[in-house]
Amino acid sequence: MDFSIPPYVIDLINKIAKDEKFENHSISTESGSDIDGFQSLIFKITITGLRNNHEDKLCLICKIPSLNIARRKQFHSDITFDCELFFYENVFPYFETFQRERGVHSDDGFFAFPKCYGLIRDEKSLGDHAIVMDNLNEKCYYMLDKANDIDFDHSILVLKELGKLHAVSFAIRDQEPEKFKQFMERTSLFHYEVNNSTGAKFLQKAHYDRAIRSLDPSELDLIRKMESLKLTYVDLINQVKTTTTCEPFGVLIHGDCWINNLLYRGSSKPSNVCLIDWQLSQFGSPAIDVACFLFCSLSPQLRNEHFDQFMNIYYGTLESTLRKLGSDPTKLFTFDNLRDQMRQFSKYVMYLAPIMIGIMTSDMTKVPSFDEVTRRMDLLTNDPTADVTLDDAFEENDAYKHRMSNLIRDMDRLGYW
């Protein structure tokens with residue numbers, strides 16, 4: 001992928017090199033991915049030079065909004081990027097301080113996010129934003145192949161970290177209510193505009209049509225429910241995202257917890273997991289994170305065999321972490337509350353899943369580029385009758401049909417939508 005580092009990023013890297021005590025440093029860069037995402041562009045950056053009188057290097061990842069202005073507008077990238085900036089600049093530093101003041105450190109608390117070395121928040125429209133963080137690949141972290149099923153050991157690591165994440169948020173809400181109110185108010189406003197793009201609605205319709213085709217034609221009730229959802233999914237999102245609906249159990253959530261946003265460490269058996277890509281982070285029900293992971297990342301077989309066990313692992317970690325932080329889980333969030341929240345908020349998965357499973361089961365080199373998809377979305381935004389299709393954005397293969405159809409059936413069987 002052709003790329004060039006914007007000058008404002010170079011300025012930030014030079015500042016980081018100075019802050020990290022490098023002398024006579026040099027900077028090398030390369031693309032961070034062969035395929036960039038909907039919202040962002042990733043660079044790998046290495047600072048090399050003298051530090052403490054020894055040759056040293058610092059390996060970093062720099063994330064900036066897409067350089068495609070049309071894509072930034074269609075997907076409201078500046079809103080979501082601002083969300084991630086807020087978490088790295090404000091939420092995570094407070095999480096660290098809050099936990100350590102209560103004697104909770106890395107093994108027992110939530111620290112599963114990359115270290116941030118510097119960021120830029122540009123207030124102007126389509127501004128020059130950037131986040132520079134630790135390159136965890138250089139510390140033996142790896143991303144699982146999205147084409148393969150996540151196993152039990154990798155799954156429980158994620159559920160434990162989600163339990164810790166939500167526990168810290170519940171504890172801050174309990175012990176520092178004014179601070180939590182600031183976080184809640186700031187993160188509640190991020191995503192109202194994101195789902196109202198005309199082009200995004202055309203793309204979502206194509207995702208729902210593909211999901212419907214994954215079902216057997218005889219499954220008329222499920223097909224009717226999906227056809228209805230295709231017309232009303234914005235209402236579903238607004239219902240789930242409204243701040244009052246999850247109360248009094250609202251916390252700060254990742255909002256996009258699936259295989260592509262997880263980095264693991266450990267060779268024969270995973271020992272750690274780090275959650276990346278916090279652009280959909282928000283105030284909401286903890287059930288959104290749990291449901292997103294269980295339904296969008298796991299195979300139907302693993303999910304059904306261990307569903308109750310996974311729920312207990314998540315809640316057990318949340319409960320024990322809350323106690324370590326000095327709060328009482330029986331007063332804040334019980335297991336019965338979790339089950340109620342799962343019934344009420346897992347429906348959000350029905351918005352995310354057609355996109356996530358499409359990405360997981362597609363060879364992304366064989367589908368249209370995101371820039372091409374954006375071009376078509378722009379055409380449809382300007383002329384809804386334009387002769388263009390978004391139906392080929394992802395592959396429609398047996399793997400997609402198996403995962404998507406079973407997800408729909410499982411959600412229906414559990415009464416989650």
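- Remark: Arg339 fails to qualify as a cation-pi partner of Phe335 under the 6.0 Å distance and 45° angle criteria applied to the six-membered ring.
- Contact between Thr80 and Ser77 at its shortest, heavy atoms only, is OG1-O, 3.0 Å.
- The residue from Lys366, Arg210, Arg376 that alone fulfils the salt bridge (Lys or Arg N to Asp or Glu O under 4.0 Å) condition with Asp392 is Arg376.
- No more than 12 heavy atoms of other residues, nucleotides or ligands shown are found within 6.0 angstrom of NZ on Lys57.
- If you check the side chains of His129 and Asp82, you find no donor sitting under 3.5 Å from an acceptor.
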- Just do the side chain to side chain contact (heavy atoms under 4.5 Å, CB included) check on Trp278 and Phe86 with the steps written out, would you? CA-CA 10 Å; Trp278 293 79; Phe86 180 76; over 6 Å; no
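- Looking at Ser40 and Gln279, their side chains do bring a donor and an acceptor atom within 3.5 Å of each other.
- In the model, Asp328 has a side-chain atom that pairs as donor or acceptor with a side-chain atom of Thr330 under 3.5 Å.
- Between Leu322 and Phe170, the shortest heavy-atom contact is CD2-CB, 3.8 Å.
- Side-chain contact between Leu262 and Phe293 is present, with at least one heavy-atom pair separated by less than 4.5 Å.
- A salt bridge between Asp209 and Lys205 is present, with a side-chain N of the basic residue lying under 4.0 Å from a carboxylate O of the acidic one.
- Open room surrounds CG on Asn52; 12 or fewer heavy atoms of other groups in view lie less than 6.0 Å from it.
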- Item | Pair Asn14-Ile10, side chain to side chain contact (heavy atoms under 4.5 Å, CB included): steps then yes or no | CA-CA 6 Å; Asn14 282 325; Ile10 296 297; 3.7 Å; yes
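- No side-chain donor-acceptor contact under 3.5 Å links Ser169 and Arg173.
- Aromatic rings from Tyr117 and Tyr88 are positioned such that their centres are separated by 6.0 Å or more.
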- Task: Evaluate salt bridge (Lys or Arg N to Asp or Glu O under 4.0 Å) for Glu372 paired with Arg375, printing each intermediate quantity in order.
- Result: CA-CA 5 Å; Glu372 171 59 18; Arg375 185 189 71 81; 2.9 Å; yes
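- For the residue pair Lys124 and Asp128, the shortest heavy atom distance occurs at NZ-OD2, 3.9 Å.
- Considering all non-hydrogen atoms of both residues, Met360 and Ser297 come closest at CE-O, 4.0 Å.
- Between the side chains of Thr334 and Asn337, at least one donor N or O lies within less than 3.5 Å of an accepting N or O.
- Considering every non-hydrogen atom in both Trp417 and Asp412, the closest pair reads NE1-N, 3.3 Å.
- Contact check for Arg71 versus Val373: no side-chain heavy atoms found under the 4.5 Å cut-off.
- The number of heavy-atom neighbours closer than 6.0 Å to CD of Glu247, taken from other residues, nucleotides and ligands shown, is above 12.
- Taking all atoms of both residues into account, the shortest heavy-atom contact from Leu298 to Ser155 is CD2-OG, 3.3 Å.
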- Could you walk me through whether Phe180 and Phe183 pass the ring pair (Phe, Tyr, Trp, His ring centres under 6.0 Å) check? CA-CA 5 Å; Phe180 184 82; Phe183 289 157; 7.4 Å; no
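- No side-chain heavy atom of Ile47 sits less than 4.5 Å from a side-chain heavy atom of Glu20.
- Ring geometry, Phe110 versus Phe92: the interplanar angle falls from 30° to 60°, so the pair is classed tilted.
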- Between Asn261 and His254, does a side chain to side chain donor-acceptor pair (under 3.5 Å) hold up when you go through it step by step? CA-CA 10 Å; Asn261 292 333; His254 183 277; 4.8 Å; no
- Given Lys164 and Thr317, is the side chain to side chain contact (heavy atoms under 4.5 Å, CB included) satisfied, shown in steps? CA-CA 6 Å; Lys164 294 175 185 179; Thr317 305; 3.7 Å; yes
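- The neighbour count for Lys179 NZ, taken as heavy atoms of other residues, nucleotides or ligands under 6.0 Å away, is above 12.
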- Begin with the C-alpha distance, continue with both residues' side-chain angles, and end with the deciding distance and a verdict on salt bridge (Lys or Arg N to Asp or Glu O under 4.0 Å) for Arg413 and Asp410. CA-CA 5 Å; Arg413 174 177 54 82; Asp410 288 348; 3.3 Å; yes
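- Surrounding CG of Asn53 are at most 12 heavy atoms belonging to other residues, nucleotides or ligands under 6.0 Å away.
- For Asn148, the CG atom sits in a packed shell: over 12 heavy atoms of surrounding residues, nucleotides or ligands are nearer than 6.0 Å.
- In this structure, Phe307 has its ring center at least 6.0 angstrom away from the ring center of Phe310.
- Checked by atom type, the side-chain pair Thr245/Gln239 shows no donor-acceptor distance below 3.5 Å.
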- Message: Is there a side chain to side chain contact (heavy atoms under 4.5 Å, CB included) between Leu252 and Phe87? Walk through the geometry before answering.
- Response: CA-CA 10 Å; Leu252 301 182; Phe87 266 71; 4.3 Å; yes
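- When the shell of 6.0 Å around NZ of Lys331 is examined, it contains 12 or fewer heavy atoms from other residues, nucleotides or ligands.
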- Query: Taking it one step at a time, do Lys63 and Asp277 satisfy salt bridge (Lys or Arg N to Asp or Glu O under 4.0 Å)?
  - Reply: CA-CA 10 Å; Lys63 186 174 186 178; Asp277 197 346; 3.2 Å; yes
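- Aromatic ring centroids of Tyr208 and Tyr233 lie under 6.0 Å apart.
- Aromatic ring centres of Phe95 and Phe113: separated by at least 6.0 Å.
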